[in-house]
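Quick notes on the structure that follows.
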Amino acid sequence: MNLTKIKKVRGELRVPSDKSISHRAVILGALSRGKTYVKEWLVSADTLATLRAFRMLGVKIRRHGKEFIIHGSDFILKEPKDVINAQNSGTTARLLFGVLSTQPFYSVVTGDKSLRNRPMLRVVEPLKSMGAHLDGREGGDKLPISVRGSNLKGISFFNKKASAQVKSSLLLAGLRAQGITEIMEPYVSRDHTERMLTTFGVKLECMQTKHGHLVKLEGGQSLVGCEVYCPADPSSAAFFAALATLAEDGEVLLKDVLINPTRDGFYRKLKEMGASIEYTNVRVVSGEPVGDILVKSSKTLKAIQIDAEDIPSMIDEIPILAVVMAFADGVSYVRGAKELRVKESDRIKAIVENLRAMGAKVEEYEDGFAIEGTRLLKGAFIKTYDDHRIAMAFSIAGLLAQGETKLDNPNCVKVSYPEFFEDLKKLIS
């Protein structure tokens with residue numbers, strides 16, 4: 001795929017629905033009592049992996065495009081007849097471990113080549129301390145991992161990486177554990193699981209303490225089926241917000257976007273850089289804040305610093321934020337983002353390598369990078385490392401650079417945004 005510089009970006013767009021919420025709608029619906037009705041679900045490789053997993057576990061799900069009805073199991077699942085394949089989805093694998101740890105049968109979870117190299121001990125170890133039996137490659141750190149559930153007991157766990165996937169997995173296990181399960185984080189991570197559990201009728205406590213953010217729930221609670229609406233994904237919308245900001249003539253209205261404060265860090269940082277970002281039509285839907293985001297082009301942007309406490313609210317947007325930084329005045333820094341090393345690719349390496357190929361001055365750190373802004377990037381050959389967010393971020397860079405940019409694997413965007421290039425054409429044609 002070849003990309004060349006554009007000048008004008010205009011229009012309205014409703015990007016695909018949020019991936020995190022779409023995963024959780026299937027998982028909580030499958031575990032609830034009664035029927036759950038899901039609307040505007042994201043159809044992507046990652047979310048389909050979750051859907052297939054719960055069908056393998058005996059859950060009846062009737063799907064009609066982006067809407068479906070889940071006949072809940074009330075936590076009574078069936079032993080799968082084959083290995084469950086989470087494909088490229090870390091969310092699917094890690095949250096499944098929490099669910100499978102509650103079940104009195106044997107199961108095995110694997111994934112594609114990328115996922116089989118991502119760390120799992122961060123969730124395996126606390127689940128083992130709750131009483132579940134998990135084992136896998138490299139002492140249980142790498143897939144495939146086997147799970148045999150047990151009678152679980154609640155634990156107090158310090159989630160030092162502020163991982164929403166770890167927190168969510170432990171909360172799901174805690175629903176069937178004896179006693180209280182509590183998770184402390186140094187700063188709050190994505191809170192979609194907590195919000196959705198409340199929507200399904202679960203009582204839990206969330207509070208800020210002097211040691212960090214605490215979430216706790218009591219075991220033995222049931223979920224009650226309900227209706228879940230999946231708003232537009234702020235991570236997917238971020239690519240178009242960046243393009244409208246950086247284009248010579250840009251104005252884009254992004255519709256129905258999730259603006260949860262644990263997820264909109266990218267937009268807050270863009271505003272801090274001097275971008276024209278406005279939230280309109282703000283409302284609450286299925287327990288989540290949703291709004292339309294109006295973005296207009298900005299003539300000048302200033303450099304910013306991203307620190308460890310900023311990362312959880314923008315972890316998936318760091319690649320596209322790095323592209324914006326490359327056009328800002330001054331030197332921008334990202335630190336405390338070592339987690340990017342173990343995403344679908346080593347995203348720090350991918351960002352640094354590709355920006356350098358486009359002519360930017362970038363210094364690499366173990367936990368981040370520094371980018372000296374320039375008004376001119378040049379077209380280059382982009383190595384996506386089969387990572388959807390790297391592919392989309394550098395597609396945007398290619399539309400702003402002088403000359404021609406080519407991606408080695410544009411098809412990897414299907415993991416989260418199959419219609420990405422079609423939607424891009426709507427705004428720049």
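For reference, positions follow the sequence shown, starting with 1.
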Worksheet item: What residues, two or more places apart in sequence or in another chain, satisfy ring-ring contact (aromatic ring centres under 6.0 Å, His included) together with Y385?
Response: none

Nearest atoms (heavy-atom pairs only) where [X] meets [Y]:
X: A380; Y: A357; answer: CB-O, 3.5 Å
X: P16; Y: D423; answer: CD-OD2, 4.4 Å
X: D233; Y: S17; answer: CB-O, 3.6 Å
X: E248; Y: K299; answer: O-NZ, 3.3 Å
X: F68; Y: R63; answer: CB-CA, 3.3 Å
X: E309; Y: P312; answer: O-CD, 3.7 Å

Are the side chains of [X] and [Y] in touch, meaning some heavy atoms are under 4.5 Å apart?
X: D264; Y: Y279; answer: yes
X: V123; Y: L95; answer: no
X: I428; Y: L399; answer: yes
X: D256; Y: R283; answer: yes
X: I390; Y: N354; answer: yes
X: D329; Y: R375; answer: yes
X: L340; Y: I318; answer: yes
X: V252; Y: K296; answer: no

Worksheet item: Looking at S20, S168, S163, which hits side chain to side chain donor-acceptor pair (under 3.5 Å) with R190?
Response: S20

May I ask you to decide if [Y]'s main-chain N or O and [X]'s side chain share a donor-acceptor pair within less than 3.5 Å?
X: D367; Y: A337; result: no
X: R62; Y: K60; result: no
X: S286; Y: Y229; result: yes
X: Q103; Y: F75; result: yes
X: T4; Y: E404; result: no
X: S169; Y: V166; result: no
X: S332; Y: I304; result: yes
X: R176; Y: Q221; result: yes
X: D310; Y: I306; result: no
X: R33; Y: G72; result: no

Item to complete: Could you walk me through whether S189 and D191 pass the side-chain contact (heavy atoms from CB on, under 4.5 Å) test, one step at a time?
Response: CA-CA 6 Å; S189 62; D191 65 354; over 6 Å; no

Assess whether atom [atom1] of [X] is packed by more than 12 heavy atoms of other residues, nucleotides or ligands within 6.0 Å.
X: K39; atom1: NZ; answer: no
X: K383; atom1: NZ; answer: no
X: Y187; atom1: OH; answer: yes

Item to complete: Could you go through the side-chain contact (heavy atoms from CB on, under 4.5 Å) check for F369 and I371 one step at a time?
Response: CA-CA 7 Å; F369 46 82; I371 300 172; 3.6 Å; yes

Practice prompt. Return the set of residues passing side-chain hydrogen bond (donor to acceptor under 3.5 Å, both in side chains) with S22 (not counting sequence neighbours), or none when no residue passes.
Written response: none

Look up atom [atom1] in [X] and atom [atom2] in [Y], then write down how far apart they are to the nearest 0.5 Å.
X: S89; Y: L115; atom1: OG; atom2: CG; answer: 7.5 Å
X: L143; Y: N117; atom1: CG; atom2: CG; answer: 9.5 Å
X: I382; Y: K406; atom1: CD1; atom2: NZ; answer: 12.5 Å
X: E251; Y: R10; atom1: CD; atom2: CZ; answer: 5.0 Å
X: L42; Y: S416; atom1: CG; atom2: OG; answer: 7.5 Å
X: M392; Y: F240; atom1: CE; atom2: CZ; answer: 8.5 Å

Do you see a donor-acceptor pair shorter than 3.5 Å between the side chains of [X] and [Y]?
X: E317; Y: S235; result: yes
X: H23; Y: T47; result: no
X: N85; Y: T110; result: no
X: T262; Y: N260; result: yes

May I ask you to decide whether [X] forms a salt bridge with [Y], counting only side-chain N to carboxylate O separations under 4.0 Å?
X: K167; Y: E185; value: yes
X: D292; Y: R14; value: no
X: D346; Y: R341; value: yes
X: R347; Y: D316; value: yes
X: E339; Y: R122; value: yes
X: D387; Y: K343; value: no
X: D112; Y: R116; value: no
X: D18; Y: R263; value: yes
X: E288; Y: R195; value: yes

Fill in: Step-by-step salt bridge (charged side-chain N to carboxylate O under 4.0 Å, His left out) determination, E272 to K269
CA-CA 5 Å; E272 187 180 322; K269 285 296 180 180; 3.3 Å; yes

Worksheet item: Between Y333 and Y365, how do the two ring planes meet: parallel, tilted or perpendicular, split at 30° and 60°?
Response: parallel

Discussion item. Could you walk me through whether L214 and I183 satisfy the side-chain contact (heavy atoms from CB on, under 4.5 Å) test, starting with their C-alpha distance in whole Å, then the side-chain angles of each, then the deciding distance to 0.1 Å, before giving a yes or no?
Written reply: CA-CA 6 Å; L214 177 67; I183 300 111; over 6 Å; no

Worksheet item: Would the F266 and F239 ring centres measure less than 6.0 Å apart?
Response: no

Worksheet item: Where do T384 and D408 land on the side-chain hydrogen bond (donor to acceptor under 3.5 Å, both in side chains) test, with the steps shown first?
Response: CA-CA 6 Å; T384 64; D408 65 354; 2.7 Å; yes

Worksheet entry | I293 vs L253, side-chain contact (heavy atoms from CB on, under 4.5 Å): CA-CA, chis, key distance, verdict | CA-CA 6 Å; I293 304 178; L253 183 66; over 6 Å; no

